[in-house]
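Below, read A as the first sequence line, B as the second, and so on, with proteins coming before strands; counting in each chain starts at 1.
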Amino acid sequence: MSSQPQLLFVDDEPLILQSLSLLFGDSYTVHTAESGTDGLEILKRNPIDVIVSDQRMPHMSGVDFLRLAKEISPNSIRILMTGYADLQAVVDSVNVGEIFRYINKPWNAEKLKETVRFACTVAEQRRMMTSAKPTAPAIPALQHQKAETVSEFELLFVDSNPRHLEQFKELFEPKYITHISTHAAEAFGLIPKHHIAVIVADSALGEIDGADFLIAVKDKYPNIVTVLMTSSQDAKQAIRMINEGSVYRYLVKPFPRESLRLTIESAIIHFKVASQNPAANLKAMEKSFFRSPDTSARSVSELLAHLRSNTGAKTIY
Amino acid sequence: MLDYKKIKKSLKKALKSIEQMELLEELMRAQQTGQLPPHLSPRMLASEFSMATQQFLQQLQLPVQGETMHSAPAPSNGEPPPMGYEEWLKKLQMRQGGQPIAPVAPSSGPTAISSGAGVDEAIRQSEARLRTIIDATPLGICITNADYVFEYVNKAYADIYGYHPSELIGKPFTMIVEPEKVSFWKDLHDKYLAGYKEIRGEWNTVHKSGKLLTILADAARIVGTDGKPKKVTFVMDVTELSKLREESRLNEVQMMQTEKMSSLGQMVAGLAHEMNTPLGFVKNNIEMLEAKNKETKELIALYEKLRSQIMYGSPNDVAMLLSQIDNVSQRVKNRVWQESDTLFRSSIEGIDRIQDLILNLKNFSRLDEADFKPTDINENIESTLKIAGHLFKGGIQVIKEFSQVPMVQAFPAQMNQVFLNLITNAVHAVDERTGRITIKTMHQGNSVVIKVIDNGKGIPPENLKKIFDPFFTTKPVGQGTGLGLSIAYKIIEKHGGKIEVQSQVGRGTEFTITLPVSGSAQPMATKQSASSPVADSPFAE
């Protein structure tokens, strides 16, 4: 097979596939499929670096396809592309499809090329890591840890409602050391003092939006796994959390206690993998890939201002 | 945003009030179909009234205090048929105009009850029991005499007006009517006692606080223990209900709007996807061709340089330029260049597709057309199908069996709303792979018949009778307002047509719309303005 990175495009519209093939044909080996089912077949036979799939397709939706794709080829980077963002699809794409980017149609050719180029380098590194240590799966299956042992990993919950915070503490202590805070700025100050693996923030935090807070956290501490809880029905915010905040899970309130527990368990595993295997940490790689300048910004608000001034200049989705 | 919970709650409340009114109605009927004989005796009245009241109380599931005269008789003709509120009102109105009750003949019964001695013990007992029941009923009851004075009011009656019974008994009943209508009421009271007029219906009266009340009332004539005719009035406070009725009329308008917005929302989602897909490849193609165009321009610039170098430059310069040109032309001739014809073609096709969608959207909404006009049903279904096109992706088959049908007087945009609703429902009902939706149009007698038939999962019989009810939906929360079919029903009704449904679980569903050809429904304003000379005038006024 050729040494060019391999891409897979899945869309039920042949003219989209034609157009994308030509955009990438010069420097990549391009595979196309008009349905999720065909896409999975290609995935079984070829080492695909990056998958770009449409969401609205008959028989199998993009999210469903990407979920199955993740099982067949966990190292492939998944991108969802859609002509209409309905909230459910966006939320599922994070939580179920664990996608890297959510891109709206019509797309910008240059930005898409940059994004795919970056995704390919991540996929390449992931593959190298896995082949070097063939015993370690890229993303280990969720294991149940014994409840008696106190985990070395610490959690941080940020919510403006102290009653909620107490409930979270109750739910996760003593297994995890659980920090709580009602303010974004205060929470931000807690991070360097502890060994925090997962931060769960509510979107309504008062003066600073929870989504912004998590984006800032991810920028400053790319290793930390972030989870946003929200009751808003805003697809735009969810897309931003994927594309800018590399959010791990997007929980729409109200959710069952158990799903928060499972989210934390899998987030911890995700954190372990990411800290042992830099290629699994997309945000950290993204920062070095695009050489985004590190700032001396200390507080959340400073950092946010810095990030905002930067996003306009970004070539990446 | 519309608060569905609130609407549902108030509808439930209204429904409950209607149920109560039906109970009241039944009570009154029972009281009347006791066929109050012309020679009315207090004993008979007492027994009949107690039976009816008891029945009423039992249905309200209120504890009945004390013994009753008869073991409760079941309503003779089984359950009363469920009645819609409007139907109920219509009935009420009809009856109001109808048969007056036979006048009361001077009492010939055991009027001897009147004074102390020789009191019939049975009657006294019966009266005691009756009193107990009357005190417990939520129905307001009063007895007024020929001098317009309250001889008796029960607690419920006094409560309705905000008084204590003692504040009313012995006072003229005119204290609870509007001051300017006192003479009207007195007149009515006289006439009623004389036996001429039935007064069942809704009336306005006045609460102690001065607040206007709407009451539903019925009355009966009795002969009092003093031998004089009296009027017994049964009253129910329906102020809340009549407010609700007005509210629900407003809500209906709002609900129509919500459903429209909700189907619009779904349509926008579908259309956005339908348009963004071609936009996606058109934009991408053009961006690639733009890059290509830059390279081609570069190539032409080099060629022009080459021309002048051939004339005036050294062979070395020419050779250098040639190799530059080779390089650039190599770059130009990649796959995008090879496929450029296809790229242009498919871009134009994409733009055509978007244009087509926009045209159909315009056809569908009919924004630029007169509201009520001769409408070609086949054409409307066509444009609806195009708008709904994104739903048929996958294996869903659409079979059109259109016949020549005459024009129908209709609101095209509303017709489209109905068709879109039926088609969307059919798509949701069928299997994505084997689904088949047949749309038929036929000319039958003086009607145009439209059928939408699917081979989907069908509607269970218990749901079938509810599908036109507002808010009835089997779809998960957020996926359907439950208003679509109820609005379709209203629209077709407004057009003088009818909509029917047949369904078999596992086999499919068939909706049939019948529309009159010579529009029996001619919405008022439209016809008039068309014949107005101003409308025909070529001049702007």
| B:Val336, B:Val282, B:Leu279, B:Thr277: which one forms the most heavy-atom pairs within less than 4.5 Å of chain A? | B:Thr277
| chain B: which of A:His59, A:Gln55, A:Gln18 shares the most heavy-atom pairs with it under 4.5 Å? | A:His59
| said: If I take atom CG from residue B:Asn276 and atom OG1 from residue A:Thr82, how far apart are they, to the nearest 0.5 angstrom? | reply: 8.0 Å
| message | Please check if the number of heavy atoms outside B:Lys440 that lie under 6.0 Å from its NZ is greater than 12. | response | no
| Gap separating the CZ atom of B:Arg345 from the CG atom of A:Leu15, nearest 0.5 angstrom | 11.5 Å
| task | Could you tell me whether A:Lys253 atom NZ has more than 12 heavy atoms of other residues or ligands within 6.0 Å of it? | result | yes
| Interface moiety of A:Asn104 toward chain B, non-hydrogen atoms closer than 4.5 Å | neither
| said: Ignoring hydrogens, what is the shortest heavy-atom contact between B:Phe281 and A:Trp107? Give both atom names and the distance. | reply: N-CH2, 4.1 Å
| message | For a 4.5 angstrom cut-off between non-hydrogen side-chain atoms, does B:Arg331 reach A:Asp26? | response | no
| note | Between the OG atom in A:Ser19 and the CE atom in B:Met288, the distance rounded to the nearest 0.5 Å is 4.0 Å
| field | Contact class of B:Arg353 relative to chain A, heavy atoms under 4.5 angstrom | value | side chain
| query | Which bit of B:Glu287 comes within less than 4.5 Å of chain A, counting heavy atoms only: side chain, backbone, both or neither? | reply | side chain
| With only heavy atoms counted, which part of B:Glu274 is less than 4.5 Å from chain A, the side chain, the backbone, both or neither? | neither
| said: Is it the case that over 12 heavy atoms from other parts of the model lie below 6.0 angstrom from the CZ atom of A:Phe255? | reply: yes
| task | Measure the spacing between NZ of B:Lys283 and NZ of A:Lys105 and express it to the nearest 0.5 Å. | result | 13.5 Å
